[in-house]
Structure formats: structure tokens, C-alpha cells
Peer 1: 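Before I ask anything, here is the structure I am working with.
Numbers restart at 1 for each chain; the letters A, B, ... are given by sequence-line order, proteins then strands.
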2 protein chains.
Amino acid sequence: MADLKSTTKPLFLREEDLRQGIELLFYAYRDFTAEPDAILAKWGFGRAHHRVIYFVGRNPNITVTELLEILKITKQSLSRVLGKLIEDEFIHQRADPSDRRRKLLTLTDKGQELERELTTTQMARFARAYRETDAEAVEGFRRVLAGIINPEDRARVRPRQRPGSGRG
Amino acid sequence: MADLKSTTKPLFLREEDLRQGIELLFYAYRDFTAEPDAILAKWGFGRAHHRVIYFVGRNPNITVTELLEILKITKQSLSRVLGKLIEDEFIHQRADPSDRRRKLLTLTDKGQELERELTTTQMARFARAYRETDAEAVEGFRRVLAGIINPEDRARVRPRQRPGSGRG
DNA sequence: GATTTAAGGTCAGCCATGTTGACTTAATTA
DNA sequence: TAATTAAGTCAACATGGCTGACCTTAAATC
């Protein structure tokens, strides 16, 4: 743990350091998804359902098109998953009054409950990781990961302040 | 970008901050895998092949069992992917002289070439992200992501110094 | 008002990649 | 010699991506 780390200030980009980033991301994502996967399996859902539940919960009244932009999958792929969530009453849809072609998606009570169960495990993981470090490390984590995201989507990830502010 | 960030030192774990972590990880992983996926498609390979190529390249002479421990998938899942990579001569296997049940896996020249092409895109992404920040941010990123990984696997991700040191 | 565009949905089929379960072979170890 | 370990195999199944074609409804535009 105290190898080249002590050469703090100057930022040498050794291949080793870059590969370490790649591997951290791989392992973190692998473990980060494992617990929710187990919960989802109890309901006959998969990881794709989780993503839909998460982002609908996070962006109440999101439309299908907006959801597709976040997930970057095809309409057909989404519809299979979303259709099942609506059928099983985890997600509710209603027409947008101002443009009745659009369907606004929200979580039902049941959906919120599942969302919370799933997200709790992932938040606990982050809470632990944050607590093991400090505020500066967390800020560094944010800035580096934001830099990994394609520039056009970085704005999607910013802590929202006011309740009921909806999506960006 | 300068919201609650200025409350630097004390580490309040607001749900917003935890959800931001979740979302950063989702978007980062989504974009991080997109470029390699496109390269792999040209060869008729998928993301699973990439992971095998990457970790064999990273750990020359790794065994099948060790690879399974890293990937956390079943032997049957791996064998389909690994079998194709061996058949197409991206990966070479030979018996371990000291225990001939074990097969030691290495990249062929062709395999190394593909590995480099794939990894270059991901290293470039990290190089950009690292350069956009500073050494402290990078260190924070490392520590937080390491905290997301299950404790028993954290040791896997540490920059290796000496060439030919093999896996841990 | 008629046409074009946008949002959403649907059907069919394909492919990649995960799973379980059962079983085999070869080599090492107890 | 018997048990264990490493690897491989066959079959069947589920999830969740994809393409392509096509439809409906509502809004926007000509």
C-alpha cells in the first residue's frame, strides 16, 4: 500500500497506475452489483430491472425516451423489462397531460419498497467506503469517476438538493 | 459543482451523496466498456472475452481456477469463452510442469496485440480523467473504490512493481 | 386540413453470457 | 489404494442485449 504512493504531487501516468484504475473499476462494479442481484432473483427480476427501478425512483415522472438516454439500450430491450415491472405493479405509467404521447413513469408503493431494499445495500457499501476514508478522498473519487464518464453525460450526476426537483 | 463540497472536513453521509456514488459508478462503467465492446464486435467477441484477455495478459501463466476466482463466474461460462479464445489462437495453454493437472494460460502474440488495442482505449480514458484532476484526487479515487470492493479481494488491486512478478 | 414527425409499443428472431446439474478424465495427495 | 483436485464436457435454461419491420396515437408543421 505504500509503494510509489509516496511520490504524491507530480502526476506520473505509469501504465501500472492506469491498469490499477481499470481493475478497481472492474472489481468494484462486480461486487457492487452482487447483493442487489441476489435480492432481485427472489422476485424473478434481473439487473436490468434494477436499473429501471433505480432511475424511475430517482427521476419521478421520467419518460421512456429519457430512460433510454440514461440506460443507452434499445427501446425493445427496455420494453421487455419495463413491461414486466408495470404488469407486476412496481411501476405505474400515466399520460403526460401536456403531451399525451408521453408516458410518465413513477414507482408504486411496492416499487418504492423494492427500490429502497435494493438501494440500501448499495448505499451501505458506499457509506462504508466513504467512512473508511475522508471528505477529500470522496471528492477525489467523484472527480476522477466523473472524468471517466463521457463529457455529455457528466451533468447527469450531481447531487440534487431540493426535494421534488425532478430530473435534470 | 460547488454545492455542499465546501463543507469539506466533516463527513456527513447524506443519501444524496451516496446515490451520487451509485450513479457515478453506473455511468462510468457504462462508458468505460463501450469502446472495447465495439472493437470486440469486429472479432466476433464480447465483453466476457475481453475480461479473459485482460486478466490473462495481466497475470501470465494464470490457471483456470485462479481466473474463475477473479471473474466470479462458473467454469462452464468461462469454458465457452476461453475455449473460443484458445481455438482462435489469442490464448495459449500449456501444462504446469510442477502439477500437470493445471493449465497455464498466456496470451499469444495475436492475443497481446488485441489486449493492447482494447486496454489502450481504457487507459486513455483513465489518463484523461487523472490529468483532469491531481494526484490527491487519484489517491482518493483509489481508496474509495477499494472500499467498495469486498475486503477479501482488495489485495488483488495493487500496482505491481517488478516485471515478471506474476499474480498474487 | 393534410402530411410529417415524434413517442411509444409490438412481434419475431438472433446472439452473448450467465446459470444448474450431471458426469468424465487425469494427476496429485493422503 | 482411495480420495481429492483441476479441468473439461454435455445439456438445458434464463436474461438481456441486438436488428428489422411494422403499427398507433398525438403533436407539429406545411
Side-chain angles (χ1 to χ4, degrees), chain A residues 26 29-31 33-34 36-56 61-88 91-105, chain B residues 26 29-31 33-34 36-56 61-88 91-105:
Chain A
F26 165 75
Y29 198 79
R30 184 197 66 175
D31 293 344
T33 49
D37 283 355
I39 295 168
L40 290 156
K42 295 188 302 185
W43 294 91
F45 294 142
R47 202 174 288 183
H49 300 88
H50 184 189
R51 294 195 280 253
V52 172
I53 288 173
Y54 182 87
F55 286 107
V56 170
N61 296 314
I62 193 173
T63 66
V64 170
T65 301
E66 287 168 321
L67 203 42
L68 289 174
E69 283 161 6
I70 289 175
L71 301 175
K72 295 236 176 95
I73 59 174
T74 62
K75 188 174 48 162
Q76 295 91 323
S77 294
L78 174 59
S79 92
R80 196 165 26 195
V81 169
L82 178 57
K84 202 188 172 205
L85 288 168
I86 291 169
E87 192 186 303
D88 294 357
I91 288 183
H92 175 254
Q93 59 177 356
R94 68 175 206 284
D96 181 343
S98 73
D99 180 347
R100 303 198 11 260
R101 290 173 305 181
R102 292 185 190 173
K103 310 281 179 67
L104 305 179
L105 305 172
Chain B
F26 166 75
Y29 198 80
R30 185 198 64 176
D31 293 345
T33 49
D37 283 355
I39 294 167
L40 290 156
K42 296 188 301 186
W43 294 90
F45 293 144
R47 202 173 288 183
H49 300 87
H50 185 189
R51 294 194 280 253
V52 172
I53 288 172
Y54 182 87
F55 286 107
V56 170
N61 296 314
I62 193 173
T63 66
V64 171
T65 301
E66 287 168 321
L67 202 43
L68 289 174
E69 282 162 6
I70 289 175
L71 300 175
K72 294 236 176 97
I73 59 174
T74 62
K75 188 175 48 164
Q76 295 91 324
S77 294
L78 174 60
S79 92
R80 196 164 26 198
V81 169
L82 179 58
K84 202 187 172 206
L85 287 168
I86 291 168
E87 191 187 301
D88 294 357
I91 287 181
H92 174 255
Q93 59 177 357
R94 69 176 206 285
D96 181 343
S98 73
D99 180 346
R100 301 198 13 259
R101 289 173 306 179
R102 293 187 190 170
K103 308 285 177 68
L104 305 180
L105 306 171

Peer 1: When the distance from CZ of A/R30 to C1' of C/dG18 is rounded to whole Å, what number comes out?
Peer 2: 15 Å
Peer 1: Less than 4.0 Å between a side-chain N and a carboxylate O, is that true for B/K103 and B/D96?
Peer 2: no
Peer 1: Between P on D/dA27 and CG on A/D96, what's the gap in Å once rounded to a whole number?
Peer 2: 9 Å
Peer 1: Quick one: on DNA chain D, does A/K72 or A/G44 contact a more 5' nucleotide (nearest heavy atom)?
Peer 2: A/G44
Peer 1: Please confirm whether the shortest side-chain N or O distance from B/H49 to OP1 or OP2 of C/dT17 is below 4.0 Å.
Peer 2: yes
Peer 1: Where the side chain of B/R100 is concerned, which of C/dG18, C/dA27, D/dC18 is the nearest nucleotide?
Peer 2: C/dA27
Peer 1: Hey, which of A/R51, A/R47, A/R30 is the one that makes salt bridge (Lys or Arg N to Asp or Glu O under 4.0 Å) with A/D37?
Peer 2: A/R47
Peer 1: Does the base of C/dG8 carry an N or O that pairs as donor and acceptor with the side chain of A/Q76 under 3.5 Å?
Peer 2: no
Peer 1: How about A/Q93 and A/V64: do any of their side-chain heavy atoms sit closer than 4.5 Å?
Peer 2: no
Peer 1: How many Å lie between CG on A/L71 and C1' on C/dG8, as a whole number?
Peer 2: 16 Å
Peer 1: Any chance you could list the contact pattern along nucleotides 3-8 of chain D? Use B for base contacts, S for sugar-phosphate-only contacts and - for none, protein heavy atoms under 4.0 Å, 5' to 3'.
Peer 2: --BSBB
Peer 1: Mind checking the CD1-NE2 spacing from B/I91 to B/H49? Nearest 0.5 Å is all I need.
Peer 2: 9.5 Å
Peer 1: Please report the distance, rounded to the nearest Å, between CD1 in A/I62 and C1' in C/dA7.
Peer 2: 14 Å
Peer 1: Using only modelled atom types and a 3.5 angstrom limit, is any donor from either the side chain of A/R80 or the base of D/dG17 paired with an acceptor on the other?
Peer 2: yes
Peer 1: Looking only at the aromatic ring of each residue, does the gap between the centers of B/Y29 and A/F26 stay below 6.0 angstrom?
Peer 2: no
Peer 1: Output the rounded distance in Å from CG (A/L78) to P (D/dC18).
Peer 2: 11 Å
Peer 1: What is the distance from atom OH of A/Y54 to atom CD1 of A/I70, rounded to the nearest 0.5 Å?
Peer 2: 10.0 Å
Peer 1: For the pair made of NE2 in B/H50 and P in C/dA16, what is the distance, rounded to whole Å?
Peer 2: 17 Å
Peer 1: Take atom CD of A/E69 and atom C1' of C/dA6, then tell me their distance rounded to the nearest Å.
Peer 2: 13 Å
Peer 1: Whole-Å distance between C/dT20 P and B/L68 CG?
Peer 2: 13 Å
Peer 1: Pick out which of A/L67, A/L85, A/T63 makes a side-chain contact (heavy atoms from CB on, under 4.5 Å) with A/L105.
Peer 2: A/L67
